[in-house]
Structures are given as C-alpha cells and as structure tokens.
Amino acid sequence: MFANLLGRLTWSAIPTDAITLGGVLSMVGASVLIIILLTYFKRWKWLWREWLTSLDPKKIGVMYIVVGLIMLLRGGADALMMRTQQATSVGAHHGILNANHFQQVFSAHGTIMIFFVGMGLMFGLINLVVPLQIGSRDVAFPFLNSMSFWLFAAGMVLVNLSLVIGQFSSAGWLAYPPLSELHFSPGVGVDYWIWSLQIAGIGSLLSGINFIVTIIKMRAPGMSLMKMPMFSWSVLGAMTLVIFAFPILTVTLALLYLDRAMGMHFFTAAGGGNAMMYVNLIWAWGHPEVYILILPAFGVFSEVVPTFSGKKLFGYTSMVWAIWGIVLLSFLVWLHHFFTMGAGADVNAFFGIMTMLIAIPTGVKIFNWLFTMYRGRIRFTTPMLWFMGFVLMFTIGGVAGVLMAVPPADFQLHNSLFLVAHFHTMIVSGVIFGYFAGLTYWFPKIFGFRLNERLGKYAFGCWLSGFFLAFVPLYFLGLMGATRRLDHYASNLGWQPLFIVAGVGVLLIGCGVGFQVLQLTVSIMRRNQNRDLSGDPWNGRTLEWTTVSPPPEYNFAVIPEADERDAFWVMKKPGRHSGTEEHYKAIRMPKNSAAGIVIAGFALLGGFGAVWHIWCLCTVGLLGVICAVIVRTSNEDSEYTIPAAKVAKIEAETKERYV
C-alpha cells in the first residue's frame, strides 16, 4: 500500500556520489542562508507584498532575471565540469565523472542554458522594457504575466529537484528517441526533463500571447507600428514565433511521456512508431526557438547602437522586414539539423537553400548597425562593447553555419565538436552578449543607478577572451573527428592540449562572471554616487527614458504621445513640447495576487507526481490548478484606484527629489 502511494520513489533516489552531494549541499546551504537572512532582517512580509505577489511587470521582469542569472551559475558549473572531464579523461585516466554522470551534466547544461537562462533573461528584459517603451502603464493581462513567471519558476525548481531526488536525463538536451524511450532510459531522468520543460513551456506560451496583445493594443497615442521602437518590433516577432512554435513542443513532450508512462508507441520503432517523427517535431520547435532567443537580443542592439553612436538607426524599414523574414524562414530550416538522416537529396537541397537564405536578413541587420555607427560619435560604454564582441563572434559563427548548410559538408561535420562550437558561437554572442548589453543599458532605468563601468569592461574582456579560448579549439577538434558528448578518448589522438585550452577558456568565462558579481556588488555599495537623477543617463531616444528612474508603479502619470520614430529624441529638440504637463487623472492598477504562486505550486506537485508515478499527487496537482484558476477568474475585485491627488503628490515628490 505504502509503495503504491510513493510510486517509483525509494530511498535509493537520494544521491550518494561526492560531486552530486556537493551540489546538493551548496544549493541547500544557499537556501538556508537566504531564509536566515530574511528572518533576521524581518523581510518576509516585505518580500511577499512587494515582490512575490506583485503584478507589476517591472518587478516580474527583475524576478525573471534573478532566476536566469542563478541558473547561469548552475549551467556554468556544469560547463566547467564537462570541460574538466574532457581535459583529464584521456587514456588510462578517467577524469572526475563516470559516463552516465557526464551525460546527465551534458543534458542539464543544454536544457538549463536554453530554457532557463536564455528564456529567463529574455522575458525579464521584455517585462522591464516593452510597456515603458510603447508608453503603456502595464501589460494587457497582468495576472497572466505573474502566472507565466511562476510556471517558469516551477519548471526551474523541478530541474534542480532532480539534483536532490533521483537523477536528470542522460539522453541529451533534446532527448531523441530511442535513447529517451523507456527501454534505454528506464529511470526518472527523462521524465524530469519532460515535465520541467512542459510546465515552463506553458508559461512561455502564455507570455507570448500576453505580449503580442500588449504591443498590438496598448501603444501610446500616435505610435503606429512603423513608429514603434525596434526592440518592441523584435519582441513582437519573437512572441509570434512563441505562439506558433511552443504548442509543437507541448504536444511532442506529451507524446513522449505517453510512450514512457502509458505504454504507447508514437516514437518506438518496435511498436510501430517512428523516432524520426520526434526529431522532426522537436526541431520544428527547436529552430524557431533559436530565433525566439536571438530576435530580442537583436532588438537590444538596435537600441544600443543608435544611442551610443548619436545617430538614428540606419534602415529602419529594412530592419522591420528583416525581422519578419527571419520569423518566416525560421520555420523552413529545421531539417538542416538532420541532413544525415536519409531524407533524400531533394529535401536536403531545399533546406540547405533555406538555411543560406536566412543569413540574408540577419546580414541586413549587421550591416545596418555598422552603417549606423559610420560617422557617428561613438561612446565605447559597456553595452557598446558587448555589441562589438557580438559582431566579431557572430560573424565567425555565421560563416561556420553557412558552411554546415551545405549537405555534403554537414555529412562530415555533423555530430562533431565543430557543430558545438558553431552553436555556442551563435547563441552566446547572439543571446547572452545581447542580454548583457540590455541589462547594462536599462539597469539605471529600472534600479535608479548605473553599474560600475570599469568592472563591466573587465567582465566583458574575460567573457570575450574566454569564449575564444573555450570554443575556437572545438572547431579544430571537430575537424579532427572529435564527436559531441565525448567523456573519454584515447591518448594517441593528440586532442588533450586543445581540450585543456578549452577548459582554460571556461575558467576565464568564470572570471568574467566573477567580475559581474563584483560589478553588481560594488555598484550597489556606491549607488548613491551613481544615481540617475535625470531619468535619461545615456541620452536615449525612446519613451522609456521620459520617466524617472526607477519608474513609479504606473510608469507614466500622463500617457505620452509618440507621433514620430525616436519619440523622446524628438521631444528633446529645442522648441518641442513633451506633452506631459497636464492635469493628472485617477489611475487603475491591478491588485497584488498570490494566485500565480498557488497555480504554479500545484503544477509543480503534479509534475513531481508524474515524474515518480505518484498518481494521487498528479490528481491533487491537476485539481488544484483547475480550482485556483476558477477562483482567480471569479474574483471581480482585482484592481484598485490611485486617486489623481495621490498621483500629483507622487509626481511632485519625485520632481523635487530629482531636481
């Protein structure tokens, strides 16, 4: 009876190896320390009221970024373990990890970096910037925004829970069958992978719907689509990809789970299924996912480059068309991920051509950024340095990508470390560098003070040099025949020096992360010296810079008008009036709500139950989600009013403080 209640969960699920226990103890220790500090400083009520239950998109954005940065540390630790293993596991020496543990680390690293670092930083910036940039007080559906974040956080918890109870998937970060089928992966690792992605993915899908409606329906008066800032355009493109791509992921994960838990055979060849159907489905989602992450980073660069070049963006219209060219073509290139699977010459040729074509709108963007810089008064601030590092690395990765778009070349390079180097060159430069540029650029707007520039430049230098050391050797190793997921190799191949160089590169990137932690710490300690007292520390061009730093909960006391592109830049011209000195009106804002946390908590319970086949827990989780949604949607008292007099008082106090 007791065994039935616990499903597959037994005492053997508790990890025993030293490395995993070290990770568990460090995670538990950090959690206990945070609990002690919150208790000592009596900040529990403050945390609950001001952050956890808040529906303010700026605070939700900060929480997304905090989760993303925490997971960056976890994913970076996984990368360091992998590189240490590859640098030391040669010949008779077998390194620090066994083969199964290495595959778990490999799978966790890819899953975490894409789903919980890239997506976390992306949705964080979108929440922070888009409502401000389009002149809106909020997003279209504030509660849905909160629920989306907490579902994302629940998926993150489930990933990390696999470190404490059970194990993670060893089937790779995309879990191809038959490796992920029950016969080859009988444990709970693949199930942890399925349900962490399923829960977080539903949150991402809801966010995509929310931000499309926000951008389409809540722009400031006068802001037509062709007057919208480029970051908001890029978000609109990315969120369009989300609403078309993420349902594919949801269905694919559900089918794989049915194979594993219910004895079905969608992907098991022995039962009449087709593993290649899974590969097609996962990449029909997976390649648009790459551009879901990259497009907002492109939008960041489209704001950073004009601001620090002192010029308007070159080729605005062509940039918009380039975004939608990428959106369309991103759904027509998925098969280049498996040219070697026997689809045939005609199919391979079509997808090879499509892969080359998608380089055109991307190239348009890069050339437009460079033309924007031409004859500009360039300020080499940290955000601009991140952009320049991106151009250098992304160009290298793009050339490698075009090479791999040729099917005969891909037959030689497929599944090698050359592919790993290409992918990281594109994603790290196109996503991570872009979001670091955005975080540095908009940090004073959100928190009211600048980040330390000197330490930021040190961090950039370590990241750039470390990245080259970490991944350029992989290009050579791939050409020499080194395959992916390699945890041990023969001593007579001569590969160890290059693996050691790659390991040193990861250590340098770790130094860059250390400088970023130091940058944040020093900036907080010296925040009074680096206050943004103008609301416009960079001499910006778009509407987010018209309000004070940090903005009030309602963003704008009076909704600004945006009759031209770069609306704030036009407002600052001599003789132009900002249009903000009007009579204040009462403002309706959403009340705080804990329903998002409750829904995500039940989803986490249900996901954990599904992993361990504790069906009563699954039932409780499902019914809890349904009941919480019904209770929330039945609540008509979900808003409150800020009276006009209070708005006027807040604005007067703000102006007095910032004069």
Side-chain angles (χ1 to χ4, degrees), residues 121-122 125-126 128-130 132-133 226-238 291 293-323 325-326 360-398 426 428-445 450-451 453 456-457 460 463-464 536-545 564-570 572:
L121 296 179
M122 179 189 76
L125 280 177
I126 291 172
L128 291 173
V129 177
V130 166
L132 288 166
Q133 199 169 65
M226 292 307 289
K227 294 174 184 174
M228 196 163 64
M230 196 53 64
F231 179 73
S232 295
W233 263 119
S234 69
V235 170
L236 183 60
Y291 291 100
L293 294 174
I294 284 181
L295 278 175
F298 284 176
V300 170
F301 294 135
S302 295
E303 304 297 336
V304 166
V305 173
T307 297
F308 295 110
S309 298
K311 292 174 59 183
K312 68 178 182 179
L313 181 66
F314 181 89
Y316 177 96
T317 303
S318 64
M319 294 288 264
V320 173
W321 282 107
I323 288 172
I326 290 171
I360 295 174
T362 307
V364 166
K365 288 184 164 293
I366 290 177
F367 281 113
N368 281 356
W369 292 321
L370 296 178
F371 284 133
T372 302
M373 295 171 63
Y374 179 64
R375 292 190 173 180
R377 292 180 174 269
I378 300 172
R379 291 175 285 161
F380 292 100
T381 58
T382 307
M384 197 65 177
L385 291 179
W386 287 115
F387 164 74
M388 296 178 76
F390 150 79
V391 170
L392 180 61
M393 293 198 305
F394 198 80
T395 302
I396 295 171
M426 303 295 284
V428 172
S429 65
V431 176
I432 301 298
F433 278 27
Y435 294 154
F436 284 165
L439 286 173
T440 310
Y441 179 61
W442 282 301
F443 190 92
K445 172 54 57 182
R450 293 194 197 194
L451 289 171
E453 275 285 298
K457 290 175 180 177
F460 165 76
W463 265 93
L464 185 66
D536 181 25
W538 307 118
N539 194 19
R541 309 179 70 86
T542 44
L543 288 180
E544 69 268 29
W545 305 109
E564 299 182 53
R565 294 175 192 164
D566 292 342
F568 185 42
W569 188 260
V570 174
K572 290 189 287 188

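Hydrogens, waters and symmetry mates play no part in the numbers below; they use all other heavy atoms, side chains included.
- For the pair V305 and L313, the minimum side-chain heavy-atom distance is 4.5 Å or more.
- Side chains of F231 and E544 form no contact here, defined as non-hydrogen atoms less than 4.5 Å apart.
- Between W369 and F308, the distance separating the two ring centers is not shorter than 6.0 angstrom.
- When every heavy atom of M426 is checked against every heavy atom of G398, the shortest pair comes out as SD-N, 3.3 Å.
- For F568, the ring pair (Phe, Tyr, Trp, His ring centres under 6.0 Å) criterion is met by no residue, not counting sequence neighbours.
- No side-chain heavy atom of E564 sits under 4.5 Å from any side-chain heavy atom of K227.
- Rounding to the nearest 0.5 Å gives a distance of 9.5 Å between OG of S234 and CE of M319.
- For the atom pair CZ of F460 and CH2 of W463, the computed distance is 12.0 Å after rounding to the nearest 0.5 Å.
- Between W538 and T307, the shortest heavy-atom distance links the atoms O-CG2, 3.5 Å.
- Considering every non-hydrogen atom in both L451 and T440, the closest pair reads CD1-CA, 4.2 Å.
- For the side-chain hydrogen bond (donor to acceptor under 3.5 Å, both in side chains) test, no residue two or more places apart in sequence or in another chain qualifies with T395.
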Q.
Working note: W545 + Y441, criterion ring-ring contact (aromatic ring centres under 6.0 Å, His included); need CA distance, chi angles, decisive distance, verdict.
A. CA-CA 11 Å; W545 305 109; Y441 179 61; 5.3 Å; yes
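- The minimum heavy-atom distance linking G237 with I323 is given by the pair CA-CG2, 4.2 Å.
- Residues F394 and F433 are not in side-chain contact: their nearest non-hydrogen atoms beyond the backbone lie 4.5 Å or more apart.
- Across G389 and L464, no two heavy atoms sit closer than the pair CA-CD1, 4.1 Å.
- Residues meeting the side-chain hydrogen bond (donor to acceptor under 3.5 Å, both in side chains) test with T372, sequence neighbours left out: none.
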